[in-house]
Amino acid sequence: MTDLRPRFWETVPLSKLTQQEWEALCDGCGKCCLNKLEYEDTGEVAYTRIACRLFDGDTCQCRDYPNRKQHVPECVVLTPKTLPKIAYWMPATCAYKLLFQKKKLPAWHPLLTGDPDSTHKAGQSIRGLTLSEIDIPEDDWEDYLIEETP
């Protein structure tokens, strides 16, 4: 993380970030790795406690991030080009979504605190709260809805 421009998220458009800067925007909450249900009649997106099979619930990281698309073809690769199409289902606190909406990062974001665990300390991650999609049949996911949208 030493090659990051100072406060790049405030001065550089998302489309002009380096790959390292783009990745540094992720706060490590893990919420994007939760399976979601989208209701066709209302367009509402509901989050479940069911996480992707590659998600490590203790670290809130992907077990094979570089190769995730090989294991999970439906995994969404977030880029400046895909962001406008998928921002609607991303967590409200997501740095990518916030910056896309021209909003500021939350005070607990690791880029502001300098602490990679600040997201977890602030209670903003799903660490320890998930179940694997391997263990829960998709027909039962509605039984595991998260009441508040993260």
Side-chain angles (χ1 to χ4, degrees), residues 1-69 72-133 141-142 144-150:
M1 283 242 231
T2 56
D3 293 333
L4 303 178
R5 293 174 276 193
R7 300 188 73 87
F8 65 89
W9 60 93
E10 295 176 334
T11 60
V12 182
L14 290 172
S15 63
K16 301 291 184 190
L17 296 179
T18 66
Q19 187 62 36
Q20 192 175 16
E21 289 167 340
W22 179 262
E23 295 293 333
L25 288 177
C26 178
D27 62 24
C29 73
K31 295 172 187 174
C32 61
C33 297
L34 293 174
N35 284 294
K36 298 148 198 76
L37 302 175
E38 185 171 355
Y39 298 100
E40 290 180 24
D41 53 337
T42 64
E44 177 190 2
V45 175
Y47 284 71
T48 71
R49 290 182 50 222
I50 313 302
C52 170
R53 59 188 160 275
L54 292 180
F55 184 72
D56 183 324
D58 294 325
T59 64
C60 280
Q61 294 183 351
C62 182
R63 288 188 179 95
D64 193 5
Y65 185 73
N67 303 304
R68 66 195 184 280
K69 287 289 286 181
V72 183
E74 65 274 15
C75 180
V76 174
V77 176
L78 185 62
T79 68
K81 284 186 180 182
T82 61
L83 183 57
K85 296 176 203 141
I86 61 175
Y88 75 96
W89 63 253
M90 297 176 74
T93 57
C94 176
Y96 300 101
K97 181 176 184 170
L98 290 170
L99 294 176
F100 173 69
Q101 296 172 332
K102 307 290 188 231
K103 296 180 181 176
K104 294 182 182 233
L105 297 181
W108 47 260
H109 194 286
L111 286 171
L112 296 174
T113 66
D115 179 359
D117 283 332
S118 61
T119 303
H120 309 298
K121 290 175 184 174
Q124 295 296 321
S125 78
I126 56 169
R127 182 182 276 175
L129 301 175
T130 62
L131 302 166
S132 175
E133 67 184 6
W141 287 2
E142 270 195 274
Y144 297 92
L145 294 179
I146 295 173
E147 292 302 318
E148 260 183 63
T149 301

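Numbers for residues simply follow the sequence, beginning at 1.
- For Y47 (side chain) and W89 (main-chain N/O), a donor-acceptor pair under 3.5 Å exists by modelled atom type.
- In this structure, H109 contributes its side chain and T93 its backbone to no donor-acceptor pair below 3.5 Å.
- Between W141 and T48, the shortest heavy-atom distance links the atoms O-CG2, 3.8 Å.
- Taking all atoms of both residues into account, the shortest heavy-atom contact from R127 to D58 is NE-O, 2.9 Å.
- Under a 3.5 Å cut-off, the side chain of S125 and the backbone N or O of G28 do not form any donor-acceptor pair.
- Scanning both residues, Y39 and A46, for their nearest heavy atoms gives CE1-CB, 3.8 Å.
- Ion pairing of R53 with E74 is present here, as a side-chain N (NZ or NE/NH1/NH2) and a carboxylate O approach within less than 4.0 Å.
- Shown here for A24 and L4, the closest heavy-atom pair between the two residues is CB-CD1, 3.9 Å.
- Counted within 6.0 Å of NZ on K104, heavy atoms from surrounding residues, nucleotides or ligands total 12 or fewer; the atom is thus considered open.
- Of all the heavy atoms in T113 and S118, the pair that sits closest is OG1-OG, 2.9 Å.
- Under the 3.5 Å distance criterion, the side-chain polar atoms of Y144 are left unmatched by any main-chain donor or acceptor of T130.
- Counting only distance, with no hydrogens or angles, the side chain of K31 and the backbone of Q124 share a donor-acceptor pair below 3.5 Å.
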